There are 2 protein chains.
Amino acid sequence: MLTERQKLILRKIVEDYVRSAEPVGSRSISKHVEMELSAATIRNEMADLEEQGYLEQPHTSAGRVPSQQGYRYYVDHLLQLGERLDSQEVAKLKALFSERVDEIEKVAQQTALYLSTFTQYTAVVLGPQVYDNSLRSLQVVPLGEHSAVLLVVTSSGQVHNKTVSFPDDISLAQVEKLVRLLNDKLMGVPIYQMRSRIIEEISHEVARQMRDFEEAQRILDSLLGAFVSDKDGKVYLGGTTNMLLQPEFHNVEKAKSVLSWLENRDSVFKALSRESRTDDSPTVRIGGENELAMLQNCSLVTATYNVSGAPVGVIGIIGPTRMEYGRVIGLLDVLSHEMSKLVTKWYSG
Amino acid sequence: MLTERQKLILRKIVEDYVRSAEPVGSRSISKHVEMELSAATIRNEMADLEEQGYLEQPHTSAGRVPSQQGYRYYVDHLLQLGERLDSQEVAKLKALFSERVDEIEKVAQQTALYLSTFTQYTAVVLGPQVYDNSLRSLQVVPLGEHSAVLLVVTSSGQVHNKTVSFPDDISLAQVEKLVRLLNDKLMGVPIYQMRSRIIEEISHEVARQMRDFEEAQRILDSLLGAFVSDKDGKVYLGGTTNMLLQPEFHNVEKAKSVLSWLENRDSVFKALSRESRTDDSPTVRIGGENELAMLQNCSLVTATYNVSGAPVGVIGIIGPTRMEYGRVIGLLDVLSHEMSKLVTKWYSG
DNA sequence: GTTAGCACTCTTGATCGTTGAGTGCTAATC
DNA sequence: GATTAGCACTCAACGATCAAGAGTGCTAAC
C-alpha cells in the first residue's frame, strides 16, 4: 500500500518521464511547486517505490523510470480523468462528428486519422461489425452463363459481394430461382445464423421445390461461400509511422517489429477485437500485459462503441508504454461515445 | 562515351555496391576474376568515371559509389536481362498464378506480398482498372426510409457499393423508380462515360418522367456519388516495412518520410498510375528522376499489365536507389505478363 | 521524520592517438 | 603509351582516456 506522499511522487515521476523520455532524478521532482520535500527525502521514497516494484533504474546513478507495475498503478489510481483534456480539443473532435455522413467507412477512416494526428500515436478503428445484423437482401447479378455476382446486403447497410461460378450443368435460371427462395426464407435472419439455417432448414425445402436434392446442394455450396469469406471486419489505421517519432522506436529493430505487425491487418483485428467489452470506460493494456511479443514495449488503449448496448466496434491507440494515458483515455472516451451516437443514428435512421 | 573497360568497371562497381552497401575500392574490383588489371589502373579509370559523373566519392580516401547517372547508365546499357533471374524462382512465381482464382483482388494482394518477400523491397500492385468495363446492373437495396445501398455491378464482375442517404422529402419509392429508369437506360454503357451520360442524357428524361426537375436532380446527385467515389483504383502494398531493412533507411528521418508517403494510398496510386505505359518492358525511375521529394533516395520500377493491349494495372517495386535492378526488372517482367494473362482470362471467361 | 553533506557510480561527450582502407601521384616497367 | 609498383597522404572508424555532471545511497546532524 502506498502512502499519499508516495502516490504523489509516483505520479510526478510518471508524468515527467512521459514528457521527457528520460529517467527522472530526485532533484527535478523536489523542484515541483506542489512538492515541499527535499531531494534526499524523495530519494528515500523512490528507493521504497523501487523496492515495491513501481520504479526501475536503468543503472545505478541514473534517475528512475516507471515500471510496468508503476504505469498500471498510475492508470488505475492516480489518473485524474479529464484533467488533461482540453475542452477546446473536445469541441473540435465533436465537431468532426456533426457533419452529415453518408459513408460509415469514411467516418472510421477519418477518426483514425484525426486521432493519430491529435495524439502522435498510432490509431486503429475497427469498423462497425454488427453482430445482431440480419439479412436485408440477397441479390444475384448474372455475369455469364455460369458465373454471377452474389450480393449480400445486411440490415446495417454493409455489403458483401462474391463472384461465384457454378457447375456447368446448372443453369442461371435455376440459380435465380434458388436465390428468390432464399430471399423469402432468410430475410431478417441474423447473419451469424445464416450458414446453419441454410444447411438445417432450407436445404430440404430447396430440394423439394427443385426436385433434385443433389443439384440444389451443389448450388448452395457455391453460394454459401459468400457468407463465409467476408467474416473479416474492416480495420482502419492512422498514423502508423508516428511510431517512429517516439524515441523508444529510434532503434530500427523495434520499429520494424511493431510496424510489420501493423502491416498485417488480420492480426491487428484479432488483437483489438479481443478487447471488445461493453465496459463504459476505455481498457488499458500496458507492455507485457499484451500477449504479443512485438507489443511488449507498447501500450494499447481501447474503447468500444455500441449500438443499444451491444458492442459493434473498437477504437484504439497504440503507443509506447511511456504514453500520455490521461489524454489518450480521455480522447477515446469522448470519441467512442460520439461513434456510438453516430452509428446508432445511422442504423436507426 | 565509355570504353569497354570502363563499362566493365562501372558494372562491377554497381554490382558490388548493390550487394554490400559500402563504397567499393579499386583493390576489391581488381580482385574479381574477370579483371586482369591492377588496382592502380582501376583507380585511374575510376577517377575518369567520376569526372564524367558516373561515380561519386563520399569523401576523399573512401571508395566510389555509383551516382544517379551511374545507375541510369547501368540500367540502360549494362544490364544483362535475365542473367540474375533464377529459373527456379520464375517457375515458383508462375505457379502462383496457376491456381484457379475467384477473386482478382486476392491475386493482386498476394502478388504484392510475394513480390515483396522475394525482393526484400516494397511492392505495390494497382488493382485492375478496366476502362472498357460497362454497367451490368444497378441495384438499390433500401435500408431505412431515407437511406439505401446502391450497388454497381460491372461487366467484369467488379462490385462497387455505396450507402447513400437522400433528402428527407424524397421517398424511397421515388428513388426506386429512378433506379429502374437508370438501369434501363444505362445498361451496357462504359463506366467511364457513366457520369457524363447521366448528366447529359438522362437528367432531362428523368425530370420529365418524375415531373419535378429539381427533385430528380437532387436524387441523382446522391446517386452519382457511387460512380465518383470508386474511381480510385485499389492499391495493394506488400512489405512496406522492408524499407527498414535497407541500411540507407536506418536513419529514422528518411524511413519516416518514405513510410508516411506509403501510408497514404492515394498518393501512391497517383505516382504509380502516372507510370502506366503500354510499353512492354518495365520502367525504371531512379532517385531524383522521381518528382516526389520523399522518393529522392528511392528507385521505382514499374510494369503494366494489359488486357488486349490496353493497360489495366501496374505492378511496381519501391526500394533504395541501390537496388538489384536486374532481378527486379526480371521479376516484374515475368509477373506483369502473368498478370496480363490471368486478368485477360478472367475478363473473357 | 527530515535534510544537508559527502563519497561513490555511471553515463556522456570530448579529445586524441592508432589503425586501415583507399586515394592520387610519380617513376619504373612492359 | 599503357600499365603497374610504390609511397605519401587523407580520412573515417575505433578505442582508450579523461573530465564533467547527474544521480544515488548513506550517515550524521537537525
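Given the structure is predicted, the values throughout are model-derived calculations rather than measurements. Here is the naming used below: chain letters follow the sequence lines, and residue numbers restart at 1 for every chain.
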If I take atom [atom1] in residue [X] and atom [atom2] in nucleotide [N], what distance separates them, rounded to the nearest angstrom?
{"X": "A:R64", "N": "C:dT11", "atom1": "CZ", "atom2": "C1'", "result": "16 Å"}
{"X": "B:M35", "N": "D:dT3", "atom1": "CE", "atom2": "P", "result": "13 Å"}
{"X": "B:I29", "N": "C:dT23", "atom1": "CD1", "atom2": "C1'", "result": "15 Å"}
{"X": "B:K31", "N": "C:dA21", "atom1": "NZ", "atom2": "C1'", "result": "11 Å"}
{"X": "A:I13", "N": "D:dG23", "atom1": "CD1", "atom2": "P", "result": "12 Å"}
{"X": "A:Q57", "N": "C:dC8", "atom1": "CD", "atom2": "P", "result": "18 Å"}
{"X": "B:E51", "N": "C:dG24", "atom1": "CD", "atom2": "P", "result": "11 Å"}
{"X": "B:E4", "N": "D:dA2", "atom1": "CD", "atom2": "P", "result": "17 Å"}

(message) Does anything in residues 36-45 of chain B come within less than 4.0 Å of DNA chain D? Heavy atoms only, and list the residues if so.
(response) B:E36, B:L37, B:S38, B:A40, B:T41, B:R43, B:N44
(message) I'd like to know if B:R285 pairs up with B:E275 as an ion pair, taking the criterion as any Lys NZ or Arg NE/NH1/NH2 lying under 4.0 Å from an Asp or Glu carboxylate oxygen.
(response) yes
(request) Tell me yes or no: between the side chains of A:Y121 and A:Q246, is some donor less than 3.5 Å from an acceptor? (result) no
(message) Whether the A:Y74 and A:E15 side chains hold a donor-acceptor pair (N or O, under 3.5 Å, no angle test) is what I'd like checked.
(response) yes
(message) By nearest atom, which of the nucleotides D:dT24, C:dT23, D:dG25 is closest to the A:M46 side chain?
(response) D:dT24
(request) With side chain to side chain contact (heavy atoms under 4.5 Å, CB included) as the test, would you mind laying out the steps for A:C298 and A:V258 before giving the verdict? (result) CA-CA 9 Å; A:C298 296; A:V258 179; 4.0 Å; yes
(message) Quick one, A:Y17 with A:Y71, criterion side chain to side chain contact (heavy atoms under 4.5 Å, CB included). Give me CA distance, side-chain angles, the key distance, then yes/no.
(response) CA-CA 11 Å; A:Y17 183 63; A:Y71 284 123; 3.3 Å; yes
(request) Quick one: do A:Y325 and A:S299 satisfy side chain to side chain donor-acceptor pair (under 3.5 Å)? Show the steps, please. (result) CA-CA 9 Å; A:Y325 292 100; A:S299 282; 2.6 Å; yes
Polar-atom pairs under 3.5 Å, protein N or O versus N or O of nucleotides 10-15 of chain D: list them with distances, or write none.
from	atom 1	to	atom 2	distance (Å)
D:dT10	O2	B:S61	OG	2.8
D:dC11	OP1	B:T60	OG1	3.4
D:dC11	O4'	B:S61	OG	3.0

(request) For atom CZ of A:R27, decide whether the heavy atoms of other residues, nucleotides or ligands shown that lie under 6.0 angstrom number more than 12. (result) no
(message) Below the 4.0 Å mark, does D:dT24 have OP1 or OP2 next to a side-chain nitrogen or oxygen of A:R27?
(response) no
(message) Out of the candidates A:E56, A:E51, A:E50, only one should pair with A:R64 under the salt bridge (Lys or Arg N to Asp or Glu O under 4.0 Å) rule; please name it.
(response) A:E50
(message) I'd like to know if the side chain of B:S67 and the backbone of B:G53 have a donor-acceptor N/O pair within less than 3.5 Å.
(response) yes
